[in-house]
Every structure is written in structure tokens, then in C-alpha cells.
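Encoded as C-alpha cells, the structure appears first; notes follow it.
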Amino acid sequence: MSAADRDIDLQAIDAQHMAQAIAQARNAEALGEVPVGAVVVKDGQIIATGYNHPIGAHDPTLHAEIVALRNAARALGNYRLPGCELYVTLEPCAMCAGAMMHARIARVVYGAADPKTGACGSVLDLFAQEKLNHHTAVAGGVMAEECGILLKEFFAARRLAARGKRQAVVAETEASANTLIEPDPRVPPMES
């Protein structure tokens with residue numbers, strides 16, 4: 001098999017696993033959480049999944065990647081996950097990248113870049129720090145458009161809902177201001 005054929009096979013495998021991560025992201029979206037999903041793969045098989053739910057669970061660590069890592073560690077009976085790959089729809093943050101390094105993830109594959117908190121090159125690149133004792137291979141941009149659209153649509157819907165709430169409050173305030181208040185007959189009128 002040529003190098004080009006291996007690259008095509010890897011691209012197809014990456015797309016297949018990313019599609020499963022996207023399905024996990026839709027679980028988060030259904031809960032009103034930021035739609036990010038992740039899967040952990042070992043020997044070509046998905047062994048664990050996860051999706052964002054920090055808001056509903058009141059736990060800032062429940063990013064999709066952390067949930068998937070915890071589930072994979074339980075499945076393998078080991079907190080180290082050598083030989084595993086993690087697929088996630090959004091570039092990991094520093095917390096998640098650190099957890100992946102501690103778990104000894106061999107390869108991280110992400111969809112959309114995160115220009116605000118991305119720790120795989122967008123804001124900083126934790127995996128490129130030579131002083132750290134574990135180095136993980138990183139591939140970004142896999143199904144980036146699909147992953148990005150999912151996030152953009154989620155945040156657009158959120159902004160639209162917030163705008164609708166603001167408009168309702170303004171309309172209610174205006175209606176209240178335009179309502180004539182009848183004077184209370186028990187209160188004498190003020191003299192000027």
C-alpha cells in the first residue's frame with residue numbers, strides 16, 4: 001500500500017470517528033449545552049464516548065473530552081490510555097489537553113479550531129511543549145466545516161433567544177409605562 005493510499009484510508013477512518021463525535025455533540029445540544037462531543041478509539045474501535053454537560057451537572061470539568069477519557073479509563077481499567085486516540089469536535093482547551101497528556105493519549109484529532117481557548121495551536125500549543133514528558137500527535141480540521149456549523153448554529157439560536165427575551169422585557173416595560181394609573185381616592189391630591 002502506498003503512502004497516498006494510507007493517507008486516504010486514515011482520512012476515511014478519521015471522518016468515520018469524527019461523525020460519531022458529532023453524534024455525541026448533538027446529545028449535548030439536546031440538553032442545551034455547548035455541542036461538543038468526543039470518542040476514544042483503541043485498535044480501530046470506539047471504546048468510550050462523551051459530550052459536554054458542565055452546566056446541567058454544575059461541574060466545570062465535564063467537557064466532552066474529560067467525560068470520554070473517564071469512560072475509557074473505566075473501560076480499560078487503567079488511568080493510562082496508551083495506544084488510544086481521542087476524536088473531538090472542537091479543539092481542546094488547556095484543561096482537556098493536560099488530561100490527554102496525563103492519560104498518555106497517542107493521538108488527538110479535532111474538528112473545528114477554537115480561536116478563544118484552543119490549546120492545540122490556536123491560542124497555545126501544549127502538545128508542542130518539549131519540556132513536558134509526554135507528546136501526543138495532533139491532527140486538526142477533520143470535518144471542521146460540519147463541526148463549526150454545529151457550534152455556529154447553536155450560538156446563533158442562543159443569541160436569537162436572548163434577543164427575543166430582551167425584546168419581550170422592553171415591550172412589557174413600555175406597556176407598563178403607557179398604562180394610566182388611576183389616582184387612589186383615599187390619597188389627597190398633591191398641591192403645587
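The figures here come from the full heavy-atom set of this structure, side chains too, leaving out hydrogens, waters and symmetry mates. Keep in mind that what you see is a predicted model, and the values were worked out from it rather than measured.
- In this structure, Cys84 and Leu76 have side chains that are in contact, with non-hydrogen atoms separated by less than 4.5 Å.
- Pairing each heavy atom of Ala112 with each of Leu151, the nearest pair is CB-CD1, 4.4 Å.
- Counting only distance, with no hydrogens or angles, the side chain of Gln24 and the backbone of Ala38 share no donor-acceptor pair below 3.5 Å.
- By the 4.5 Å heavy-atom criterion applied to side chains, Val40 and Asn71 are not counted as neighbours.
- Residues passing the salt bridge (charged side-chain N to carboxylate O under 4.0 Å, His left out) test with Arg107 are Asp14, Glu85, sequence neighbours excluded.
- Shortest non-hydrogen contact noted between Leu90 and Glu65 is O-OE2, 4.1 Å.
- Judged by distance alone, with hydrogens and angles left aside, the side-chain atoms of Asn52 form a donor-acceptor pair with the main-chain N or O of Ala64 at under 3.5 Å.
- Taking 4.5 Å as the limit, every side-chain heavy atom of Thr61 sits out of range of all side-chain heavy atoms of Pro54.
- Under a 3.5 Å cut-off, the side chain of Arg80 and the backbone N or O of Ala73 do not form any donor-acceptor pair.
- A continuous path of Ile, Leu, Val, Met, Phe, Trp and Tyr side chains, each step under 4.5 Å between heavy atoms, connects Val39 with Ile13, placing both in one hydrophobic cluster.
- With hydrogens and angles disregarded, a donor-acceptor distance shorter than 3.5 Å links the side chain of Lys42 to the backbone of Pro82.
- Judged as a salt bridge (charged side-chain N to carboxylate O under 4.0 Å, His left out), and not counting sequence neighbours, the contacts of Glu29 are Arg26.
- Annotation: side chain to side chain donor-acceptor pair (under 3.5 Å) contacts involving residues 134-143, sequence neighbours excluded, comprise His134-Thr136.
- The two residues Pro92 and Ala97 make their nearest non-hydrogen contact at CB-N, 4.3 Å.
- Counting non-hydrogen atoms of other residues, nucleotides and ligands closer than 6.0 Å to CZ of Phe155 gives a total above 12.
- Smallest separation of non-hydrogen atoms from Pro115 and Ser122: CA-CB, 4.1 Å.
- Residue Asp125 holds its CG atom at 8.0 Å from CD of Glu91, rounded to the nearest 0.5 Å.
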Is there a side chain to side chain contact (heavy atoms under 4.5 Å, CB included) between Tyr51 and Leu31? Walk through the geometry before answering.
CA-CA 10 Å; Tyr51 55 86; Leu31 296 173; 3.6 Å; yes
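- Cluster membership check: Phe127 does not share its hydrophobic cluster with Val109, using side-chain heavy-atom separations under 4.5 Å among Ile, Leu, Val, Met, Phe, Trp and Tyr.
- Side chains of Glu146 and Ile22 form a contact here, defined as non-hydrogen atoms less than 4.5 Å apart.
- Side-chain heavy atoms closer than 4.5 Å link hydrophobic residues (I, L, V, M, F, W, Y) into clusters, and following such links, even through other members, never connects Met95 to Ile105.
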Given side chain to side chain contact (heavy atoms under 4.5 Å, CB included), test Arg70 with Leu62 step by step and report yes or no.
CA-CA 10 Å; Arg70 287 175 180 165; Leu62 290 182; 3.2 Å; yes
Can you list the steps and then say if Val88 with Cys96 is a side chain to side chain contact (heavy atoms under 4.5 Å, CB included)?
CA-CA 11 Å; Val88 61; Cys96 294; over 6 Å; no
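- Side-chain contact between Thr89 and Met18 is present, with at least one heavy-atom pair separated by less than 4.5 Å.
- Here the side chains of Val67 and His53 are in contact, with some heavy-atom distance below 4.5 Å.
- Using a 4.5 Å heavy-atom threshold, the side chains of Val36 and His63 count as separate.
- In this structure, the side chains of Arg158 and Val34 come closer than 4.5 Å at one or more pairs of heavy atoms.
- Connection of Met143 to Phe154 is not established within any shared hydrophobic cluster, with ILVMFWY side chains joined at heavy-atom distances below 4.5 Å, either directly or through further cluster members.
- Pairing each heavy atom of Ile47 with each of Ala72, the nearest pair is CD1-CB, 3.9 Å.
- Between Ala144 and Gly111 the shortest heavy-atom distance is CB-O, 3.5 Å.
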Evaluate the criterion side chain to side chain contact (heavy atoms under 4.5 Å, CB included) for residue pair Val138 and Tyr110; output intermediate values, then yes/no.
CA-CA 8 Å; Val138 177; Tyr110 68 87; 3.8 Å; yes
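- Residues Leu81 and Met100 are members of one and the same hydrophobic cluster, defined by side-chain heavy-atom contacts under 4.5 angstrom among Ile, Leu, Val, Met, Phe, Trp and Tyr.
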